[in-house]
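Structure, as structure tokens:
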There are 4 protein chains.
Amino acid sequence: MTTGTPVSRAERKKQELRREIIETAFDCFAERGYHATGIADIAARLGIGHGTFYRYFQNKRDIVDHVITDLVRTVVAALAADNAPDAVSSLAEYRTQTARIGDALAGIFGGDPRLARFLLLEAAGIDAEMRERVLDFYDGAAQLTAAYLSHGVELGYLRADLDVEGSARAINGMILAAVLASLRDPAPESQARLSAAIRRVMYDGIAARD
Amino acid sequence: MTTGTPVSRAERKKQELRREIIETAFDCFAERGYHATGIADIAARLGIGHGTFYRYFQNKRDIVDHVITDLVRTVVAALAADNAPDAVSSLAEYRTQTARIGDALAGIFGGDPRLARFLLLEAAGIDAEMRERVLDFYDGAAQLTAAYLSHGVELGYLRADLDVEGSARAINGMILAAVLASLRDPAPESQARLSAAIRRVMYDGIAARD
Amino acid sequence: MTTGTPVSRAERKKQELRREIIETAFDCFAERGYHATGIADIAARLGIGHGTFYRYFQNKRDIVDHVITDLVRTVVAALAADNAPDAVSSLAEYRTQTARIGDALAGIFGGDPRLARFLLLEAAGIDAEMRERVLDFYDGAAQLTAAYLSHGVELGYLRADLDVEGSARAINGMILAAVLASLRDPAPESQARLSAAIRRVMYDGIAARD
Amino acid sequence: MTTGTPVSRAERKKQELRREIIETAFDCFAERGYHATGIADIAARLGIGHGTFYRYFQNKRDIVDHVITDLVRTVVAALAADNAPDAVSSLAEYRTQTARIGDALAGIFGGDPRLARFLLLEAAGIDAEMRERVLDFYDGAAQLTAAYLSHGVELGYLRADLDVEGSARAINGMILAAVLASLRDPAPESQARLSAAIRRVMYDGIAARD
DNA sequence: CATGAATGAGTCTTCATTCAT
DNA sequence: GATGAATGAAGACTCATTCAT
């Protein structure tokens, strides 16, 4: 029953090129910026005619949407793996989980600086709609982090009076700062050190204990 | 007979228009984005000929540089007032100072959402040079915050083993998150709540105390 | 089945349009002058979009370079035909050759007054670089004429003490004058008369013989 | 009776500035070309406001007309001095006179290369009207030279069958060539050599005498 | 009378998009 | 289905000219 698959070889090739276009567009946008990138640049780098581009995407705006959707999916997938909020039941386990998440983030963003450059610095400037999408993303991330914190509060390993929403945004802000810092100092050691500092602040705060 | 001032009326008017152009450019850039804004738009909104624009600024890139320089100056000035790092000698005083700085930030960014929108979301996407300038700004802010922390460590009201640099970036990240959040929820109460949550994380962390 | 040619029909059409653009640009430049001619004028006269122009030439400066290169090539080709310097071995033959060259010049420049108007009056005023190119052209022409004279001196039908270089420039100056005169009086008879006068001066000078 | 003069001091100053503007405009036009020169350039070099320019000349086109009129007057004046066509009555005297005229030309154009650059290379390209003026100038020069030749024919020291008009254009062409050559090789010796070569061609032609 | 601030017509040039081949 | 030639809207920028001070 090999013919059972409704996806023909031609169809698969089409999907392949579609993917290549998205990736190449990301390359270009990250390197030269969205506005400085022409459709012709993307097509030329791929070695296809720039008319072909329009057989796969509506217009320039369309492609950038897909690029971002893809990137977000990638990031979320990498983070979600083995990191469900309710897989944790003690502070020690949560510490381990946050460390793992931190490593994952470092892996994702440290492995390809274009990712941070594009998502954090370039995307929001594309147009008003994309700006809202970026803010939506931040909101979604806050909700996700809040879920982790809620779980901790419920199980008692996080402070009972924790402002879950606010703390979630605060924590995500620290992550954001770390990713931004990686753009200037991508050395893994620096990233690890910053990650540790963030976790220290996160768990213990900065105040001296009496 | 106030002719004592060496600045002629014409000169003053020129400076005034120059300032108006910068402000109007900021309006336009913040509303429609840098790339979507034409010099003609700025001039039209001001009611001047677009040729006039070029009497005051070299080109489109020139104006955005001035806009940003001005904004940064404004923000820095608002924060620097009465908030010297070494004006503090105890944790209680530092708490007060951070609250004051938080209020100042809320005042600045809450008072005009365009500020955050432009500086945090738009600016970095203008071009590569501006992106670097934004990263420079983050670096400078980190150094500034680090100075505050260093002072606290020296005086003993902050943890002796604090990773000053890393914590500074972490704290600034939380501030960044708060400013970004204000774009979606500009209500002063929300801002105050988020500010409090950040300070709570900052001083005490999120972990439950045994 | 003339598919043997490796040049596709599309390619040929492209070359054709390229040529048409050069010719139309020449038309415009000669009629209204380089500076008074807009790219839009050229495109409109050709019935193409002005964006199309830029698919064939880099910019306005680029096209004028090609126009001139083409014109010079045309002129040189017309003169070079059957007029090698060393194809002559006596004064009588040289007289015949100069007459033939004169006729050729009259044919070229008399046939299309725009040629002289553009090359002699317009080109040098385009910009500094083009001015040098025009002077280069005069230098080259002087060298060419000098080659003819040298040959005559060697074979003894021209004065042994002839200042070859200087005389060459002098002769070319007379030609230049004739071409310029044709702009005001393009009648073939006038041209023929002037051509004869030049040859008379050239061979015999103006002084009465004792 | 010093008040008898109708020209007030203010009036004289005005005339002076007017002259300075013409000269400075010539400087600019000759150096950077007519089209590349802005009214502001001329005014700035003179240290006057560019609005002032328009108190002395109608517009940009107006000034270039005056510049050329002035230059032509200068050239003509320099040549006319002691060189009346009928001040000569023999070939020897005519030779002397042409040598003197040659020297004068060398003095004028050799002394200031901008003169040739502007009059011969730049002027005709300004616009159609100026092109006609340049051709008018060539025509006038031809008539002038023809007057000299006519005189020589009448007195018998030039060939009786001389084509006066044609020869005049031919001779002027040689002069033109010499002036153009001076732009590339301004050395007085070169000029003198070329001048001699021209006179040799003019009087004796290039053909070997049996 | 000198000034230079203001103006906007005019030009080059780019690039996303369409469509005939 | 791929291609790239054609297109023209759009935008940055210049500069001759005017005119209020």
Side-chain angles (χ1 to χ4, degrees), chain A residues 10-11 13-14 17 34-44 46-63, chain B residues 8-11 13-14 17-18 35-44 46-63, chain C residues 8-11 13-14 17-18 35-44 46-63, chain D residues 10-11 13-14 17 34-44 46-63:
Chain A
E11 181 61 23
K13 254 208 157 161
K14 203 173 165 180
L17 180 51
Y34 173 76
H35 287 103
T37 297
I39 295 298
D41 295 325
I42 300 171
L46 255 170
I48 64 172
H50 62 276
T52 308
F53 172 91
Y54 286 91
R55 301 200 133 280
Y56 290 82
F57 298 94
Q58 293 276 318
N59 51 39
K60 193 181 174 184
R61 187 49 219 275
D62 189 24
I63 182 75
Chain B
S8 71
R9 185 166 3 152
E11 182 61 25
K13 248 200 161 171
K14 213 175 160 182
L17 179 51
R18 195 185 155 81
H35 287 103
T37 297
I39 296 300
D41 297 324
I42 300 171
L46 256 169
I48 64 173
H50 65 274
T52 306
F53 172 90
Y54 288 93
R55 289 188 59 73
Y56 290 82
F57 297 94
Q58 293 275 320
N59 49 41
K60 196 180 172 184
R61 189 49 216 275
D62 190 24
I63 183 74
Chain C
S8 71
R9 186 166 3 151
E11 182 61 25
K13 247 197 160 173
K14 214 176 159 182
L17 179 51
R18 194 184 156 84
H35 288 103
T37 298
I39 296 300
D41 297 325
I42 300 171
L46 257 169
I48 63 172
H50 64 276
T52 305
F53 173 90
Y54 287 93
R55 289 187 58 73
Y56 291 82
F57 297 94
Q58 294 275 320
N59 50 42
K60 195 180 173 183
R61 189 50 217 273
D62 190 23
I63 182 74
Chain D
E11 182 61 25
K13 253 205 158 165
K14 203 173 166 182
L17 179 51
Y34 174 75
H35 287 103
T37 297
I39 296 298
D41 295 325
I42 300 170
L46 255 170
I48 64 171
H50 62 276
T52 307
F53 173 90
Y54 287 91
R55 302 200 132 282
Y56 290 82
F57 298 94
Q58 293 276 321
N59 50 40
K60 194 181 173 182
R61 188 47 219 276
D62 188 23
I63 182 75

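Everything numeric in this text was worked out from a predicted model, so none of it was measured. Values below: every heavy atom of this structure, side chains too, minus hydrogens, waters and symmetry copies.
Residues from residues 35-43 of chain B lying near DNA chain F, meaning a heavy-atom separation below 4.0 Å, are B:Thr37, B:Gly38, B:Ile39 in numerical order.
Side-chain N or O atoms of A:Lys60 include one that pairs as donor or acceptor with a backbone N or O of A:Tyr34 at under 3.5 Å.
Legend: residues meeting side chain to side chain donor-acceptor pair (under 3.5 Å) with C:Asn59, ordered by chain and number and at least two apart, are absent. Evaluation of the side-chain contact (heavy atoms from CB on, under 4.5 Å) rule for B:Thr37 yields B:Cys28, B:Phe29, B:Arg32, B:Asp41, B:Ile42 as partners, not counting sequence neighbours. Legend: residues meeting side chain to side chain donor-acceptor pair (under 3.5 Å) with A:His35, ordered by chain and number and at least two apart, are B:His35. Every residue two or more places apart in sequence or in another chain that forms a side chain to side chain donor-acceptor pair (under 3.5 Å) with B:Arg18 is listed here: B:His66. Under the salt bridge (Lys or Arg N to Asp or Glu O under 4.0 Å) criterion, B:Arg55 pairs with no residue at all, not counting sequence neighbours.
Between D:Phe53 and D:Leu46 there is no side-chain heavy-atom pair separated by less than 4.5 Å.
The phosphate of E:dA5 (OP1 or OP2) has a side-chain N or O of B:Lys14 nearer than 4.0 angstrom. For the pair B:Thr52 and E:dA5, the criterion of a side-chain N or O lying under 4.0 Å from OP1 or OP2 is not met. A:Tyr56 has no side-chain polar atom (N or O) that falls below the 4.0 Å cut-off from OP1 or OP2 of F:dG1.
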Give me, pair by pair, the N or O atoms of the protein and of nucleotides 18-21 of chain E that are less than 3.5 Å apart, along with how far apart they are.
none

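We find the CD1-CZ distance between C:Ile39 and C:Phe57 to be 10.0 Å, quoted to the nearest 0.5 Å. Note that OH of A:Tyr56 is 14.0 Å distant from CG of A:Asp62, once rounded to the nearest 0.5 Å.
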The dot-bracket string of DNA chain E, counting Watson-Crick and G-U wobble pairs with both distances under 3.5 Å, using [ ] for crossing pairs and | for pairs to another strand, is .||||||||||||||||||||

